[in-house]
Amino acid sequence: MQLFDYTLSYVEGVSPPDPTGHQVFRNDWSTLEPPEPGSWEPGPTVTVVITVRNDQERLDRILACLSRQTYPGHLMEVVVVDDHSATPLRLPETRPARCRIEPAPPDGSGPAHARAHGARVGTGEVLCWLDVDLLVDAALVETLVRWQHVHPAAVALGDVRYATETDLAPDRAAALVADRALHRSLVDAPPHPRTERLLSRSGDLRDADSQGFRAFVGSCVTMSRELYEAAGGVNPTLSLGHDTELGYRLWQAGGVFVPDRAARVWHLGSATANRTRVPGPRSYALADLVPYARPTHRTRRLPENRVPMVRAVVDAAHHPYELVRACVDRLLASTEVDLEVVLVADWDTTADSWLETRLVQAHYLAEPRVGFVAEAPRTAFPAPFLLQVPVNCGVGPHTVARMVERAEWARAGLVELVRDTPGPTLWRTRALARVLGTGRAEEAPAEADLAEADLAEAVAAVHGRYRMHGEADTVDLSGVAALDGTAPRRRGRLAVLAVWRILTSVLRCGIGTVRRRLRVR
C-alpha cells in the first residue's frame, strides 16, 4: 500500500493584496488611513493601565504628563495598579481627572498579574498600557487610539526612546508636555537596538513574517478590549515575557501590529538587555507557550509544550477503528514533531459506531499528542497552523513539515495540495482569525455565510494562498480492512460474535474440566 509520500514540486500561488477598500493584506497597515491627531473627534473610551511597585516619584511624573493629554478627559480613565508596595501609593495633585488606584489582588504579584487586574477593573473599549518610568507627549493617547478607530484589530505600538537624563520633576515634566517641548529637551534618545533591528528589517512590520509579534512590548501599546479578550488576555502567572507571550496570541488572533513613529515616549535611563522583556537566546522561558521560542534542534515534541506548531484535525466519527488508526499513526510519525492531533467524534454516542469510537479512544488515551473533541475547531488558536486531514488520507513522513515550510516561506494563509482527490489542507491561524474572528474588517464575510470554498477565497484575500503539486502516487485509506481481512462489522453482528466467542470459551473450559476429572478417576 502506498502513502502520501510526496515528491513535491512547488507552484507559487500567493494572492496579491486587494488595492480597494481598507483591507489589510497580512500586516501591511499602510493601506489604513488614520486621522491626523487633532483633526478628528475621538469616540472610543480608553483605559490606561499603569502598574507600580514602590515608585511614588515616577508615578507622580507620568500622571503629571497624562494630565495634559489632548484626548477628551471624559473618555479616558487611568487605573494605577498598586503591585503590593511596601508603602501604599497615593494620587498626586497633578493627575488626570478620572484617575484611581486599585490594589493588586493578594493571590499573586508581578507586572503580568497587575496588568491582568487593571484590564479587568477598567471599563474602556480600548486598553492602553504604559510603564511608570516613561515620559509621554500630550497627543500620545490620541495618536495611538486613532488606529483602533480605523481598524478593530489594530495593535498600536509606541516609539519608545531611551534618554540619558534621569532626574525630572513632575511639575517640570508637565510644563514640557504642555509646551510640546519634550522632543526638544530629550534629543539624545535612541530606540532599543533589538526592536529597531526588527522594525528596519520588516519595513516597520509592513512586511513582517511569523516573528512579527516580537515587536510587541508592553511599555507603550494600545489594543481594543475585544481583541484583547479574544486573545485570552494577559497570562497572570508568567514572571518573564508576559508581554511577548500576549503579543504572540494577539498576532495569532489576527491583530494588525502598527509601530507608530509619531507616538513617541521617553524612558529616562539607558536601554538595557532586559528592557523589552523578550527572553533572549539563552532562555526558553516561553517555549511551552510560544512555538517560535523553541530550539529548532529538538528531536521530539515535549509533553510540557502546551501549544503545538500544528494542530491536525481528523474526523473520526462513524469510521472504522483501523482506518482512523492508519490515518493518525502516520500523522504522529511525521517528521514535523511539533504536532498535535485532534479527533472529532461524538465520544458519548450510543449509535451503531459506538464500538469503533471506543476502540479509537482507548487506543489513544495514553498518547499526549492526541485529543478528543465533539466539534471540529474553526481555527487552531493559539497554535500557528490548522491542518485538516481527511480520515481516508495517509500522509507521508515529510508531507506536514514541507507544507509548514512552504507556508512560512511564502507567508501564505492557506497551503493546498493540487490533487484529484481531497488531501490535507494547511490553514494559518492568524489568517483564519482575521476572517472569522474578532478582528473582522468590513470586507470580511460573516462566519455563518462562509462555505469551504468561500473561506479559502477570503483567507487568500487577507493572507495569500500557496498551491503545491503532489506528484507521487497515493492510495485512499478507506480501503483499509479490519485486522482479520474482512470488512468492518456493525454493532449487532459484533455483539453476536462476542457472545458466541464467550459461550464457546466457557464450553471449552467445561469440557476440559470434565476430561481432567475423568483422567483422575
Side-chain angles (χ1 to χ4, degrees), residues 37-38 42 45-83 85-104 111 114-115 118 121-124 126-145 156 158-189 217-222 260 262-270 275:
T45 57
V46 181
T47 295
V48 180
V49 178
I50 304 173
T51 64
V52 190
R53 175 184 290 181
N54 299 326
D55 207 340
Q56 183 67 53
E57 181 179 353
R58 291 180 177 178
L59 176 62
D60 294 347
R61 186 170 57 203
I62 191 172
L63 291 181
C65 294
L66 290 175
S67 67
R68 303 295 189 265
Q69 287 296 299
T70 60
Y71 205 81
H74 67 282
L75 297 178
M76 185 182 76
E77 65 171 352
V78 178
V79 177
V80 178
V81 183
D82 187 349
D83 188 16
S85 299
T87 301
L89 300 174
R90 55 169 178 79
L91 292 178
E93 293 184 3
T94 307
R95 64 178 187 269
R98 300 175 61 207
C99 182
R100 69 182 188 272
I101 294 178
E102 292 281 348
R115 278 177 172 163
V121 300
T123 61
V126 175
L127 294 176
C128 175
W129 286 359
L130 291 177
D131 277 356
V132 70
D133 52 6
L134 296 179
L135 286 173
V136 301
D137 209 346
L140 173 74
V141 175
E142 180 185 356
T143 303
L144 290 175
V145 175
D159 185 15
V160 182
R161 299 303 179 104
Y162 295 83
T164 56
E165 183 178 353
T166 59
D167 187 14
L168 192 65
D171 293 341
R172 173 61 177 163
L176 290 174
V177 172
D179 296 338
R180 306 293 180 92
L182 273 178
H183 65 284
R184 293 193 298 269
S185 176
L186 306 170
V187 291
D188 57 337
V217 180
S219 57
C220 180
V221 62
T222 60
D260 193 336
R264 180 163 295 183
V265 298
W266 292 266
H267 169 262
L268 297 185
S270 59
R275 279 304 307 169

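Given the structure is predicted, the values throughout are model-derived calculations rather than measurements. Hydrogens, waters and symmetry mates play no part in the numbers below; they use all other heavy atoms, side chains included.
Here the closest non-hydrogen pair linking Gln69 and Asp137 is NE2-O, 2.6 Å. When all heavy atoms are compared, the tightest approach of Ala86 to Asn54 is N-OD1, 2.6 Å. Here the closest heavy-atom approach between residue Val141 and residue Met76 is recorded as CG2-SD, 4.0 Å. The shortest heavy-atom contact between Cys65 and Val177 is SG-CG2, 3.8 Å. Looking at every heavy atom in both residues, Pro42 comes nearest to Pro72 through CG-CD, 3.8 Å. Taking both residues in full, the closest heavy atoms of Val160 and Cys220 are given as CG2-CB, 4.2 Å, listed atom of the first, atom of the second, then distance.
Counting only distance, with no hydrogens or angles, the side chain of Glu142 and the backbone of Gly38 share a donor-acceptor pair below 3.5 Å. A distance-only check finds a donor-acceptor pair linking the side chain of Arg115 to the backbone of Gly218 [under 3.5 Å]. When atom types are taken as modelled, the side chain of Arg58 and the backbone of Leu134 share no donor-acceptor pair closer than 3.5 angstrom. Side-chain atoms of Arg53 come within 3.5 Å of backbone atoms of Asp83 as a donor-acceptor pair (strictly under, hydrogens ignored).
The side-chain heavy atoms of Arg100 and Val79, taken from C-beta on, include a pair separated by under 4.5 Å. With contacts defined as side-chain heavy-atom distances shorter than 4.5 Å, the pair Arg61/Arg172 does not qualify. Using a 4.5 Å heavy-atom cutoff, the side chains of Thr70 and Pro37 are not in contact. Side-chain contact between Leu130 and Leu66 is present, with heavy atoms from C-beta onward closer than 4.5 Å. You'll find the side chain of Pro170 stays beyond 4.5 Å of the side chain of Thr94, heavy atoms only.
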Test side-chain contact (heavy atoms from CB on, under 4.5 Å) applied to Leu168 and Leu176, step by step: CA-CA 10 Å; Leu168 192 65; Leu176 290 174; 4.3 Å; yes
Verdict with supporting geometry, Thr45 and Thr123, side-chain contact (heavy atoms from CB on, under 4.5 Å): CA-CA 8 Å; Thr45 57; Thr123 61; 5.9 Å; no
Test log, rule salt bridge (charged side-chain N to carboxylate O under 4.0 Å, His left out), inputs Asp60 and Arg90: CA-CA 9 Å; Asp60 294 347; Arg90 55 169 178 79; 3.7 Å; yes
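Leu135 contributes atom CG, which lies 8.0 Å from atom CD1 of Ile62 (distance to the nearest 0.5 angstrom). Separating the OG1 atom in Thr51 from the CG atom in Asp131 is a distance of 6.5 Å, to the nearest 0.5 Å. Interatomic distance, CG of Asp159 versus CH2 of Trp266, reported as 9.0 Å (0.5 Å rounding). Atom CG of Leu140 is separated from atom CZ of Arg68 by 15.5 Å, given to the nearest 0.5 angstrom. Within the model, atoms CG of Leu59 and CG of Asp82 stand 9.0 Å from one another, a figure rounded to the nearest 0.5 Å.
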